Amino acid sequence: MSALRPNWQALAALVATLYSLTALPFTAGMSAPYSLAVAAILIAGACLSMLRLPSGVEALVLMVASFAAAALLIAGLAEATGTATAGYFASLTAAWLLAWRLVTVLSGDGRSKGQGFGLVSITVPVLFGIWVLILWECIVRGAGIPFVLLPPPSAIGVRIGNSLPILAADFRQTVLKAVLFGYVVGSLSGFLVAILADRFRFFANGLLPIGNMVSALPMIGIAPIMVIWFGFDWQSKAAVVVVMTFFPMLVNTLAGLAASGDMERDLMRTYGASHWQVLMKLRLQAAMPFIFNALKINSTLALIGAIVAEFFGTPVVGMGFRISTEVGRMNLDMVWAEIALAAVVGSLFYGALALLERTVTFWHPSYRR
Amino acid sequence: MPETVISAQNLDLTFETNDGPVHALKDITLDIAEGEFISLIGPSGCGKTTLLRVIADLEQPTGGTMSVNGMTPEQARLARAYGYVFQQAALLPWRTIEKNVGLPLEVMGLDAATRSERVRSNLELVNLAGFEKKFPWQLSGGMQQRASIARALAVEPAMLLMDEPFGALDEIVRDHLNEQLLKLWAKTKKTVVFVTHSIPEAVFLSTRIVVMSPRPGRIHEIIDCDLGPDRPLDIRETPEFLKIAHQVREGLKAGHSYDE
Ligand SMILES: Nc1ncnc2c1ncn2[C@@H]1O[C@H](COP(=O)(O)OP(=O)(O)OP(=O)(O)O)[C@@H](O)[C@H]1O
Ligand SMILES: [Mg+2]
């Protein structure tokens, strides 16, 4: 067996680094030796990683090389925005390829599935997220993309740090009031109406066509009407969220209630079980995967609904209000700060639901252990 | 003379399907006395399951009358007159084995102490002690089927309707459960209606064997099978046993050739 274990990411990184040497220095702010140091780190990392090292050591080498190179590349942009050469982007590509290799090694080289599940399942998405930010930062600043088009993440980060009170107030207004209230009321009433519609079939037959119609209505049309009905404050936004979340829950719950098997229902019949007993012990349980589906869909809809509804008149606070006014003032970093907040809130919301789903529907074939 | 508990008179059942009517049961007349062990045997599709489901009020006949314990099947069902074992185990995946067996008892509104006592004794009966906390999908198909039998027995019904309960089990387990069922039947004097495809099983267990034939499903022949209450497994090698088995086989063959 040879001492070498070539892989395409490291080989490609090597090629990219060698190419970058034709365009020294990388930026106006990087001296030639500084640029060479970056290249040296990348070449060393690529070569070392192709030796037959234990995968832990290989991961460490790749981690150090890719992040050291990235840090130097970001530092090299100071006072040199827009001056990056082809060499700069080539070495950035090389660093990114090494990070790709790192993720591959961490996930067991595509082989041993499930091993080290807990740690890897967190590390991989985190690495992925960090690299999205690194690439964003380097490309935007290296190529000198105008701030209005896309601010670099560092500027967004600074803006977030400086605007915490504003962001907190917007979060309270939009998420804690409009989203939460609308989500709970919309989902709960959708659920309860589904239970009724299931009991009294004619009810369902009348409701579902209306439901389809309402979910096809553009939110742009509903939001101003809700403002007229419920006023400028969060109540009108919550009303929009209620309208948006009600029908997904209704439709999914009805589908879920029909999901239990014929044999299970016959079984309950042989016990002389009442409608409510069948509902509680069999059909609602079987409907849980559907209900969680609706809860997850609604978590996204609620956030979008509340933010967009604020475009149509609101007191001077709220995430949607902030986005629409700051866009007008060309304060794109503030807009992005709100977007980042929305992304974090949305992911946490969704993640919490997914976690809850796992515990409640542990029996479902996709979660069984 | 023991009382008649299940009585079918000129029963007819036609399923209306998209490709025309299916005549599943035709002119079924059958009286089953209390404490009898009746086996229904016949080729696939001859209406064994359908007949059992009519008794259980899971299917409505399109003609004739059916009475169970002198009541309509619906009244009997609501009075929880029978325990039904389906062709598949039909355990609820979110409940442990213990909770699955306790399900009918919860529906009946029994208190927790009675429930757990009945669950325990019936799981022991089908050799599933120690698996109380497992979930159905963690058990083999045979174990699941045994759990579903325990579930039907836990109701302590006077009547058991069993649809090929041992069809999915291996020969040894099947023999064992056959013996257990026979003992249980001898001890409790339950009325049992038992669907099977196995001639030896039918002869070993039954007091009467109903041979059915298909298209339309009807009773071809009823064979008495009185081997006495005490039946060790090796009774299956005796000439009396083999004679009845032969008779059943001939009946099945005749029923088959009928529509060819
Ligand atoms: N719900 C239904 N709708 C339409 N046709 C049905 C229905 N249930 C049963 N049948 C038909 O009735 C006939 C009898 O079916 P049944 O299930 O009683 O047969 P079986 O004797 O139990 O067969 P097997 O031994 O395969 O279980 C078959 O032709 C079947 O296709
Ligand atoms: Mg059948």
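All chains are named by letter (A, B, ...) in the order of the sequence lines, taking the proteins before the strands, and each is independently numbered beginning at 1. The structure presented is a predicted model; accordingly, all values stated were derived computationally and were not measured.
The number of heavy-atom neighbours closer than 6.0 Å to CZ of B/F37, taken from other residues, nucleotides and ligands shown, is above 12. Within a 6.0 Å sphere centred on NZ of A/K177, other residues, nucleotides and ligands contribute more than 12 heavy atoms. By the 6.0 Å contact criterion, NZ on A/K296 is enclosed, its count of non-hydrogen atoms from other residues, nucleotides or ligands being greater than 12.
Ring geometry for A/F362 against B/F135 counts as perpendicular: the plane angle is over 60°, on a 0 to 90° scale with 30° as the lower cut.
Proximity to chain A involves both the backbone and the side chain of B/Q88, based on heavy atoms less than 4.5 angstrom apart.
If you take CZ on B/R53 and CG on A/D266, they are separated by 4.5 Å, rounding to the nearest 0.5 Å. A distance of 10.5 Å separates CG in A/D262 from CZ in B/F86, rounded to the nearest 0.5 Å.
In terms of heavy-atom pairs under 4.5 angstrom with chain B, the leader among A/E264, A/M268, A/K281 is A/K281. The residue among B/E74, B/R95, B/E106 with the most heavy atom pairs within less than 4.5 Å of chain A is B/E106. Of all the listed residues (B/L91, B/L103, B/L161), the one sharing the greatest number of non-hydrogen pairs under 4.5 Å with chain A is B/L103. When each of A/H364, A/M280, A/M263, A/Q277 is checked for heavy-atom pairs under 4.5 Å with chain B, A/M263 comes out on top.
No side-chain heavy atom of A/L267 sits less than 4.5 Å from a side-chain heavy atom of B/Y84.
Of the possible polar contacts, none joining the B/R77 side chain to the A/Y271 backbone as a donor-acceptor pair under 3.5 Å is found.
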Do A/R269 and B/L58 pass the side-chain contact (heavy atoms from CB on, under 4.5 Å) test, and can you show the C-alpha distance, the side-chain angles, and the key distance before you say yes or no?
CA-CA 8 Å; A/R269 239 174 100 79; B/L58 296 176; 3.7 Å; yes

